[in-house]
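As a basis for the values below, the full set of heavy atoms in this structure was taken, side chains included, without hydrogen atoms, waters or symmetry mates.
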Amino acid sequence: MFDLQQGLANLQKFIRVAPETPGVYRMVNEYDEVLYVGKAKNIKKRIVAYSHIEKLPLRLQQMVAQIFRMEFIIVENEARALLVENELIKKYKPRYNVLLKDDKTFPHLMIDVSSEYPRLTKYRGSRNDKNKYFGPFASAIAVNDVIDVLQKAFLLRSCRDSVFKNRKRPCLMYQIKRCSAPCVGKISVSEYKKLVNEAVEFLEGKNSKIQEDLSQKMNEASQILDYETALVLRDRIKALTNIQSKQNVEYADIKSADVVALVRDRNIVCVQIFFIRSGQNCGNIPYFPLQIDGASDEEIVEAFLGSFYTSHIPPKEIVLDRDIENKLFWEKALKCKIKTYLRGNKFALLMQAKENAKAAIDRKIALEASVEKNLEEFKQKFGLRDIPQRIEIYDNSHNQGSYAIGAMVVATPDGFDKKSYRTFNIKYTQETRDDFAMMQEVLKRRFEKMTPENKPDVILLDGGRGQLNAVYKTLEKFDLRDIAIIAISKGPERNAGREFYHLKDKDSFELEYRSSLAFYLQNLRDEAHRFAIGTHRKKRAKSIYVSRLDEIEGIGDKKKKDLLQYFGSVQEIKQASIKDLQKVNGISKKTAEKLYKYFHN
């Protein structure tokens, strides 16, 4: 049992020494487990609130009762406090913090404005300050739609640099009026820069001004009988008009905003976020925060803001469906406006977000009911002690021993946990000369790094009883208590749905043909197979061109990297002339001739 009075006494002791500055605090129990990580503009004032035990919900009373010590980190401002808090939450996953399970990355639209002829492209990853980014978009499809529009309206190139530098004539995109062909000098640098600036202004919501300028230029071109230019400008105006006609009136006056709404239903909380940029809805995503028992809706919203916006660029405005106590702190930390609305277009968007959140909860409950039913049946059919919380599925892929890959896929009651997927490179030797030996190698390496946190309840193997026995032999020195190891082999004529299931010291058996559980287990096995095959193909494709360049005398790692960065692929290097090869930094005429002879002899 927790001692509330002792926890309060420990808290009071640290209140006396707490700094009155912005920073982050940690509450730690006697076993060195971090209970809670918080941030504050004034640490002392914030933690004093925890001493008023009668005002705290039961969840936080239990937390205070466990406090053994507190740790403080002083930072320069609220924004830094937010970053440090989020880093520590991700590191320790404290039991009393609301957590976001899946903080996924989103695609953005990028224009590399620093280059001579900037390129329009879809982008994920870390950002370079020299480029312009627009988004986020909830899906790659949404980005592709915008790229399609921008190509029609602004004629910007989207080809890779390696293709752009080596073109001798315009490509199809120029012929269908989706590109201005800067690669072959169909447009000057200055004129192309104007197109880029117009595209940036459009993405920033200044489209009416752009249309006025284009209309004026079209009239001027007509007056001087330059009908070809006038036709191009007319097509661009039509593209922009088409965009505006498709814009929903609800979004038309919104330049940059995220609309965030929370719904709590049947003990599930969903936070729905809509991305509105330049009068367009760039998609929406539902989030289901974890560890919400006893947490207020306001606390969950603030936890979402902290977790989401430390890894995503905040918009100019965040629209919430409720007021939050620490609004000024969040506006300072995120450098944006946070507002709520009771009428108007943004209120209508909040209602849409709420409806989407309710629908997402309904879908989640329906899906979980199906998975829960399958897992319950899984437990019964295979004699498991409990419903499995972590299932690891293994498969191998190789080409007659070459480019061998072992793959591990993880499934939980919430679905596939893709962040826990792992691959294992396997060297083909006498010890790993067949599928049994490869699987033994993979499981041995996996279990050597097993911890209590990632210990599986079930291991599924693609194979028969021989595979099962080989794995048990390899893992005999490890603690396999509470772990069920199951092998799945193909049925007669490799018929899906007729698989045999093998367990140690039990007869092999089939599941009912086309039963829900059979489909569920097939799906697990197929996901491991897909992941293994995909990784194997990437490794094989990479090795093909790497090994070819490695065969050329005088081409080391640096020159190889420079060549691939310049041309984009070995196929492009193969087609390059000696003169083109010499354009690469560090490639002399002699080396260029050697490369050319290698590929053409």
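Put simply, the side chain of Arg119 gets close to the backbone of Cys159: a donor and an acceptor are under 3.5 Å apart. Side-chain atoms of Ser307 never come within 3.5 Å of backbone atoms of Ala303 as a donor-acceptor pair (strictly under, hydrogens ignored). In this structure a side-chain-to-backbone donor-acceptor pair under 3.5 Å is present from Asn77 to Ala79. With Asp417 contributing its side chain and Ala411 its backbone, the two residues share no donor-acceptor pair below 3.5 Å. Checked by atom type and distance alone, the side chain of Asn356 pairs as donor or acceptor with a backbone atom of Gln352 at under 3.5 Å. Put simply, the side chain of Arg157 never gets that close to the backbone of Ala181: no donor and acceptor are under 3.5 Å apart. Between the side chain of Ser256 and the main chain of Lys316, a donor-acceptor pair closer than 3.5 Å is present.
Remark: Leu195 CG to Ile187 CD1 distance equals 4.5 Å, nearest 0.5 Å. Between atom CG of residue Leu172 and atom SG of residue Cys179 there is a gap of 10.5 Å, rounded to the nearest 0.5 Å. Rounding to the nearest 0.5 Å places CZ of Arg422 at 8.5 Å from CG of Asn454. Rounded to the nearest 0.5 angstrom, Phe274 CZ and Ile276 CD1 are separated by 7.0 Å. Rounding to the nearest 0.5 Å places CZ of Phe134 at 9.5 Å from CG of Leu120. With rounding to the nearest 0.5 angstrom, the OH atom of Tyr394 is 5.0 Å from the CE atom of Met408.
Every residue meeting the side chain to side chain donor-acceptor pair (under 3.5 Å) condition with Lys194, not counting sequence neighbours, appears here in chain and number order: Glu191. For Phe164, the ring pair (Phe, Tyr, Trp, His ring centres under 6.0 Å) partners two or more places apart in sequence, or in a different chain, are Tyr117. Residues that satisfy the salt bridge (charged side-chain N to carboxylate O under 4.0 Å, His left out) test with Arg124, not counting sequence neighbours, are absent from this structure. Applying the side chain to side chain donor-acceptor pair (under 3.5 Å) test to Lys364 and every residue at least two apart in sequence or in another chain returns Glu368. For Phe531, the ring pair (Phe, Tyr, Trp, His ring centres under 6.0 Å) criterion is met by Tyr421, not counting sequence neighbours. Residues passing the side chain to side chain donor-acceptor pair (under 3.5 Å) test with Ser158, sequence neighbours excluded: Gln151. With sequence neighbours excluded, no residue forms a salt bridge (charged side-chain N to carboxylate O under 4.0 Å, His left out) with Asp395. Remark: Arg530 engages Glu527 in a salt bridge (charged side-chain N to carboxylate O under 4.0 Å, His left out) (not counting sequence neighbours). By the salt bridge (charged side-chain N to carboxylate O under 4.0 Å, His left out) test, Arg80 is found to be paired with no residue, residues two or more places apart in sequence or in another chain being considered.
A pairwise comparison of heavy atoms in Cys270 and Phe288 identifies CB-CE2, 3.7 Å as the closest pair. Contact between Val113 and Lys193 at its shortest, heavy atoms only, is O-NZ, 3.5 Å. Counting all heavy atoms, side chain and backbone alike, Pro289 lies closest to Val271 at CG-CG2, 4.0 Å. The minimum heavy-atom distance linking Tyr192 with Leu155 is given by the pair CE1-O, 4.2 Å. For Lys132 against Val200, the heavy-atom pair with the smallest separation is CE-CG1, 4.3 Å. When all heavy atoms of Met438 and Ala404 are compared, the closest pair comes out as CE-CB, 4.0 Å.
Inter-residue side-chain proximity for Leu109 and Tyr123 is flagged as unmet; no heavy-atom pair is nearer than 4.5 Å. Counting heavy atoms from C-beta on, the side chains of Val409 and Leu524 never come closer than 4.5 Å. Using a 4.5 Å heavy-atom cutoff, the side chains of Ile405 and Ile426 are not in contact. Side chains of Asn284 and Ile273 form no contact here, defined as non-hydrogen atoms less than 4.5 Å apart. The shortest distance between side-chain heavy atoms of His529 and Ile533 falls below 4.5 Å. Under the 4.5 Å side-chain criterion, counting only non-hydrogen atoms from C-beta, Leu595 is not in contact with Ile578. Side-chain atoms of Pro315 and Arg277, non-hydrogen and from C-beta on, do get closer than 4.5 Å to each other. Between Ile176 and Met173, some side-chain heavy-atom pair lies under the 4.5 Å cut-off.
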For this session: Please report the C-alpha distance between Lys346 and Val259 in whole Å, then the side-chain angles of each, then the deciding distance to 0.1 Å, and finally whether the side-chain contact (heavy atoms from CB on, under 4.5 Å) criterion is met.
Result: CA-CA 8 Å; Lys346 291 176 183 176; Val259 179; over 6 Å; no
Exercise. How far apart are the C-alpha atoms of Val24 and Val37, what are their side-chain angles, what is the distance that settles it, and do they pass the side-chain contact (heavy atoms from CB on, under 4.5 Å) test?
Worked result: CA-CA 7 Å; Val24 175; Val37 175; 3.7 Å; yes
For this session: Just do the side-chain contact (heavy atoms from CB on, under 4.5 Å) check on Lys39 and Phe329 with the steps written out, would you?
Result: CA-CA 10 Å; Lys39 65 188 170 307; Phe329 174 92; 3.4 Å; yes
For this session: Check step by step if side-chain contact (heavy atoms from CB on, under 4.5 Å) holds for Val260 and Ile318.
Result: CA-CA 7 Å; Val260 179; Ile318 298 173; 4.2 Å; yes
Exercise. Given Asp258 and Tyr309, is the side-chain hydrogen bond (donor to acceptor under 3.5 Å, both in side chains) satisfied, shown in steps?
Worked result: CA-CA 11 Å; Asp258 287 349; Tyr309 289 111; 2.7 Å; yes
Side chains of residues 330-342: which donor-acceptor partners sit under 3.5 Å, not counting sequence neighbours?
| from | atom 1 | to | atom 2 | distance (Å) |
| --- | --- | --- | --- | --- |
| Trp330 | NE1 | Glu302 | OE1 | 3.0 |
| Glu331 | OE2 | Ile338 | N | 2.9 |
| Thr340 | OG1 | Asp323 | OD1 | 3.2 |
| Tyr341 | OH | Glu317 | OE2 | 2.5 |

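Between Phe106 and His312, the distance separating the two ring centers is shorter than 6.0 angstrom.
Sorted by first and then second residue, the salt bridge (charged side-chain N to carboxylate O under 4.0 Å, His left out) pairs with a member in residues 586-601 form an empty list; sequence neighbours excluded. The stretch residues 350-361 participates, sequence neighbours left out, in these salt bridge (charged side-chain N to carboxylate O under 4.0 Å, His left out) pairs: Asp321-Lys354, Glu355-Lys358.
In this structure, Lys41 places its NZ atom where only 12 or fewer heavy-atom neighbours from other residues, nucleotides or ligands lie under 6.0 Å away.
A salt bridge links Arg178 to Asp148: at least one charged side-chain nitrogen sits closer than 4.0 Å to a carboxylate oxygen.
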